[in-house]
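Report on the following structure.
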Amino acid sequence: MIVLASKSASRRAMLEAAGVAFEAQAANVDERAIEAGMEGARPDQVALALAEAKALAIPADERLVLGSDSLVVVENRRFDKPENREEAAEHLRFFSGKAMQLHSAAALARGGEIVWRHPAVAMLFTRELSEDFITAYLDAEWPAVAGCVGVFRIEAMGVQLFERIEGDQFTVLGMPLLPVLGALRDHGELPS
Ligand SMILES: Nc1nc2c(ncn2[C@H]2C[C@H](O)[C@@H](COP(=O)(O)OP(=O)(O)OP(=O)(O)O)O2)c(=O)[nH]1
């Protein structure tokens with residue numbers, strides 16, 4: 001059984017649906033401090049570093065530990081999860097009409113060493129969002145989207161934000177599940 005170093009409902013749901021046996025434990029990682037130390041790094045490098053830090057944060061003897069991280073970049077600005085509804089509205093106003101990169105990275109650790117890592121990115125093209133829409137959207141989706149980078153749940157009303165999406169659906173949901181499953185097979189955690 002692997003350890004999922006995450007409090008993310010979306011990541012737990014993906015592994016459950018895929019039939020992966022796991023135990024979830026939140027990873028105590030100071031994401032802001034790690035990001036602060038990575039000035040000038042590319043977003044895929046930041047997401048990977050955070051995924052690795054989470055995977056390394058759980059002491060699990062010889063069990064595989066899976067860490068994952070997602071972040072959004074719009075016009076070279078990086079966005080984390082919104083702190084409050086006002087910030088969520090600000091994020092949506094900025095995203096309106098723009099292309100959004102959603103980086104989701106994953107890493108596996110065993111015995112305190114990273115044994116596998118994988119960055120992934122999806123492109124989501126946000127339509128022009130009216131103020132009325134943003135208000136109605138947050139009336140319906142706040143605080144459910146407080147834990148979601150990009151202020152959306154694609155499987156819920158978040159889909160109304162976009163005109164087009166390019167990339168893997170799992171990357172959008174917060175973890176590159178297909179490469180994770182391949183790595184779990186390679187490490188004997190899933191039947192090939
Ligand atoms: N349900 C749902 N969640 C999403 C979607 N897109 C992103 N997310 C979630 C997945 C993650 O929980 C969150 C990204 O934030 P983080 O990578 O910082 O993870 P989080 O702090 O939630 O948990 P963790 O750090 O893994 O303990 O956004 C989506 O379309 N639907």
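Atom set for the values below is all heavy atoms of this structure, side chains included, hydrogens, waters and symmetry mates excluded. In listed order, ligands and their atoms are each counted from 1.
Minimum heavy-atom separation, I114 to A107: CD1-CB, 4.3 Å. In this structure, V149 and K81 approach most closely via the heavy-atom pair N-CG, 3.8 Å. The two atoms that bring G174 and S68 nearest to each other are O-OG, 3.3 Å, heavy atoms only.
Polar contact with ligand 1: present for V149 (N/O pair, distance under 3.5 Å). Looking at ligand 1, you won't find any N or O of R153 less than 3.5 Å from one of its N or O atoms. Distances between N or O atoms of K54 and those of ligand 1 include at least one value under 3.5 Å.
Between R11 and S104, the side chains place no donor N or O within less than 3.5 Å of an acceptor N or O (distance only, hydrogens not considered).
With a heavy-atom cut-off of 4.0 Å, S10 touches ligand 1 through its side chain alone.
Nearest to atom 23 (O) of ligand 1 by heavy atom, out of Q25, M175, R11, is R11. For atom 9 (C) of ligand 1, the choice among G174, G147, A51 with the nearest heavy atom turns out to be G147.
Between D139 and R85, at least one side-chain N (NZ, or NE/NH1/NH2) sits under 4.0 Å from a carboxylate O, which counts as a salt bridge.
Per-residue contacts place V172 under 4.0 angstrom from the following atoms of ligand 1 (heavy atoms of the residue considered): 5 (C), 6 (N), 7 (C), 30 (O). Close approach of ligand 1 to E155 is summarised as follows: ligand atoms under 4.0 Å from at least one heavy atom of the residue are 1 (N), 2 (C), 29 (C), 30 (O), 31 (N).
Relative to the ring axis of F133, R127 places its NZ or CZ within 45° and under 6.0 Å from the centre.
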